[in-house]
Amino acid sequence: MSEQQAVSTGNESGASDFIHEIINADIRRGKYLPQQIRTRFPPEPNGYLHIGHAKAICIDFGIAAEYGGRCNLRMDDTNPGKEDVEYVHAIEEDIKWLGYQWDGQIKFASDYFPQMYEYALTMIKLGLAYVDDQSAEEIRQNRGTLTVPGQESPCRQRSIAENLDLFTRMKDGHFPDGSKVLRAKIDMSSPNINLRDPVMYRILHQPHHRTGSQWCIYPMYDWAHGLEDAIEGITHSLCTLEFEIHRPLYDWFLQPLPVHRPQQIEFSRLSLNYTITSKRKLLRLVQEGHVSGWDDPRMPTICGLRRRGYTPESLRAFVSQTGITKFTGITDASVLENCLREDLNRRASRYMAVLRPLKVCITNYPEGQIDWLDAVNNPERPEDGTRQIPFGRNIYIDQDDFREVPPPKYFRLAPGAEVRLRWGYFITCQEVIKDANGQVCELRCTYDPDTRGGNAPDGRKVKGTIHWVEASHAVTASVRLYDRLFSKENPDDCEEGQDFCANLNPNSLTVLTDCKLEPALAALPPETRVQFERVGYFCSDRYEHQPGLPVFNRTVSLKDTWSKIEKKHA
RNA sequence: AACCCCGUGGUGUAAUGGCAGCACAACUGGUUUUGGUCCAGUUAGUCUAGGUUCGAAUCCUGGCGGGGUUGCCA
């Protein structure tokens, strides 16, 4: 490959999707230099970003970076009634956390209102826009339907002078909300309904979170968006598939104006099974208290995934794996989990934690004596070193690691059985103690002093290794176990008269308050991702975790081969 | 019988007229001081009918199926 070719594409990943093809072609024929490629991520600040936005962010920022170009962050704040600065800040934080940095200052569509207004006057002067007095209802009626053409407005033939006068007075606040709109004069019988004289401006006597009461007319998406892109010199305006049918309008608005002309390219949205990614529905979950907030660890929002313990790297890997296409498929959530486990397996330090404690007394171990054992922090990264963990006469193990009547293939503790304590000794269960209700409440075991560190000098093997925590040093913690928020693959699949809330998984959250942690875990700062050995990946809560009162969220469990074996034999 | 877009294993995605490959999932087996990781393997796919071509997942035509579009939302 010649150097010129390598430079001309600048495509490091070698991706060959249709977006890269278009950009590569533009570069090849000299339309742009690679470093001139400019994209934008244009959220409306009316909600929190979710996993679907993460895809758009990775594509918008990622592609610009590949070519050595730039990507803008632009708030598409053209509808004052729905938008708020709260969302602006949250969006900025989420994008940075994902690992991206926008070019220069954050941009706001509202900053372009004056220029958009001037261009609207130009459109009127060109005879391409007119003021319509019809009500919203009349406009809707006259738009026709998918199969019948629309009717032209009685106002369509107004003179340019009259349109100019009316539009100026619209801007100056002479008319009440809804009394007039500015419309593009295109084609009321177009098979593409977007072209049936779409509204460009509506009257809204509402304060805007940035421009205050400066404006009482606000531009509609189709009119505004292409101009925003043009003003910023966007070369490739990447968006999702539902805007595909708007592209003729995007081009139509820009064509007569003396502006740069970006190219809109559409790709399919990301959908995940067992998940909703609709801002409206997400908002309902928050408002109706089905979750604790936008950043509830069960939410598919970026801040929710973050609090759950997802890494930015795993999210980016996931987006990269699902690819860029025009096919509207549903990705299995296990792909996301796999990306996470792959990342965390590499990075997360291992610790021992007992979630549902069962007391074990090592009867032949001296009272009051503590033995500090060496434990490897991360077998995937020997350079992470080792730490010391206390061992003593009284320890906790997980209730699930003991069965009074062990099922087939059960390798853990049972009456008379010997297991290895991770990093510790072999122990053998000698006695089972039950409470008044007949529940197992304590085990009395013996240990083999010769097996310190986990190996028997006589070469005998034990099949099972279980985790444990020494009782006198254990720190009691709260641990939240999360499961999928919805019990149906498609949460919208519900009975007549019901909605997605009927499919909420009642067991999506389990809070355990008597978990026993090895001491090192309690000393960790908030938002630290770790593995509880044999259990799963956990993250100290971003807001509630304290050294004296640890709070961990389960990010994802470890793959559980045993549960499959157990089911098979059941 | 509107218009636009899209159809490749169960799921997501490569192959740009030349050996249908990858990942996830599922299932075997091996390794293992995490029933994790890792390694090896198995199952399984071009919606359909024609056409063009030496050769079609790829190009053309029809059918079928899916998604989007009838806000003064974005």
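All heavy atoms count here, side chains included; hydrogens, waters and symmetry mates do not. Chain letters run A, B, ... following the sequence lines, proteins first, then strands; residues in each count from 1.
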With rounding to the closest Å, how many angstrom separate the [atom1] atoms on [N] and [M]?
N: B:U8; M: B:A2; atom1: C1'; result: 30 Å
N: B:G9; M: B:A14; atom1: C1'; result: 14 Å
N: B:U52; M: B:U69; atom1: C1'; result: 35 Å
N: B:G66; M: B:A1; atom1: P; result: 14 Å
N: B:A56; M: B:C38; atom1: C1'; result: 41 Å
N: B:G7; M: B:A57; atom1: C1'; result: 11 Å
N: B:U42; M: B:C4; atom1: C1'; result: 43 Å
N: B:G21; M: B:U16; atom1: P; result: 14 Å

Between the base of B:G36 and the side chain of A:Glu380, is there a donor-acceptor distance below 3.5 Å? yes
Look at the side chain of A:Gln531 and the base of B:U34, then say whether one donor and one acceptor between them are separated by less than 3.5 Å. yes
For the pair made of [atom1] in [X] and [atom2] in [N], what is the distance, rounded to whole Å?
X: A:Glu244; N: B:C5; atom1: CD; atom2: P; result: 7 Å
X: A:Asp400; N: B:U34; atom1: CG; atom2: P; result: 18 Å
X: A:Leu340; N: B:G36; atom1: CG; atom2: P; result: 18 Å
X: A:Leu241; N: B:G66; atom1: CG; atom2: C1'; result: 12 Å
X: A:Asp398; N: B:G36; atom1: CG; atom2: P; result: 17 Å
X: A:Arg534; N: B:U37; atom1: CZ; atom2: P; result: 14 Å
X: A:Arg269; N: B:A74; atom1: CZ; atom2: P; result: 15 Å
X: A:Glu242; N: B:C6; atom1: CD; atom2: P; result: 16 Å

Distance test, side-chain N/O of [X] to OP1/OP2 of [N], below 4.0 Å:
X: A:Thr147; N: B:A1; result: no
X: A:Arg202; N: B:C73; result: yes
X: A:Arg143; N: B:C72; result: yes

Measuring centre to centre across the rings, with the benzene-like ring taken for any Trp, is A:Tyr48 within less than 6.0 Å of A:Tyr87? yes
Dot-bracket for RNA chain B, 5' to 3', counting Watson-Crick or G-U wobble pairs under 3.5 Å, with [ ] for crossing pairs and | for inter-strand pairs? .((((((..((((....[..)))).(((((.......)))))....(((((..]....))))))))))).....
When we call it a touch if two heavy atoms are under 4.0 Å apart, what does [X] touch: a base, just sugar-phosphate, or nothing?
X: A:Tyr410; result: base
X: A:Gly323; result: nothing
X: A:Ile245; result: base
X: A:Ile565; result: base
X: A:Glu533; result: base
X: A:Lys463; result: nothing
X: A:Ile324; result: sugar-phosphate
X: A:Ser563; result: nothing
X: A:Ile330; result: sugar-phosphate
X: A:Asn46; result: nothing
X: A:Arg196; result: nothing
X: A:Pro248; result: nothing
X: A:Asp76; result: sugar-phosphate
X: A:Tyr218; result: nothing

NE2 of A:His225 to CD1 of A:Ile234, rounded to nearest 0.5 Å, is 8.5 Å
What do the steps show when you test A:Arg40 against A:Glu228 for salt bridge (charged side-chain N to carboxylate O under 4.0 Å, His left out), and what is the final call? CA-CA 10 Å; A:Arg40 102 271 91 117; A:Glu228 295 160 19; over 6 Å; no
Taking the six-membered ring of [Y] (Phe, Tyr or Trp), confirm whether the NZ or CZ of [X] is under 6.0 Å from its centre and within 45° of its axis.
X: A:Arg420; Y: A:Phe426; answer: no
X: A:Lys326; Y: A:Phe267; answer: no
X: A:Arg158; Y: A:Tyr130; answer: no

Check whether the side chains of [X] and [Y] place a donor and an acceptor atom closer than 3.5 Å, and report yes or no.
X: A:Gln264; Y: A:Glu266; value: yes
X: A:Ser190; Y: A:Asn192; value: no
X: A:Asn378; Y: A:Glu380; value: no

So does [Y] get a backbone contact from the side chain of [X], meaning a donor-acceptor N/O pair under 3.5 Å?
X: A:His208; Y: A:Asp77; result: yes
X: A:Tyr218; Y: A:Gln206; result: yes
X: A:Thr325; Y: A:Phe327; result: yes

Quick test of your reading of the model: are A:Asp448 and A:Arg460 salt-bridged, counting only N-O distances below 4.0 Å? yes
Output yes if the stacking criterion (under 5.5 Å between centres, under 30° between planes) is met for A:Phe327 over the base of B:G7, else no. no
Which nucleotide, [options], lies nearest any side-chain atom of [X]?
X: A:Thr325; options: B:C72, B:U13, B:U69; value: B:U13
X: A:Asn345; options: B:C3, B:C6, B:U37; value: B:U37
X: A:Leu146; options: B:U69, B:G36, B:G12; value: B:U69
X: A:Pro379; options: B:G36, B:A74, B:C6; value: B:G36
X: A:Asp560; options: B:A74, B:G36, B:G35; value: B:G35

Which residue, A:Arg412 or A:Asn194, contacts RNA chain B at a nucleotide closer to its 5' end, judged by nearest heavy atom? A:Arg412
Considering heavy-atom distances to RNA chain B, does A:Glu83 or A:Gly454 have its closest nucleotide positioned more toward the 5' end? A:Gly454
Mind listing the closest non-hydrogen atom pair of A:Trp562 and A:Pro408 along with its distance? CH2-O, 3.8 Å
Scan nucleotides 16-28 of chain B nucleotide by nucleotide, 5' to 3', and note B when protein non-hydrogen atoms come under 4.0 Å of the base, S if they reach only the sugar-phosphate, - if neither. B------SSSSSS
Syn or anti for B:G71? Use the chi torsion, O4'-C1'-N9-C4 for purines and O4'-C1'-N1-C2 for pyrimidines, with syn inside 90° of 0. syn
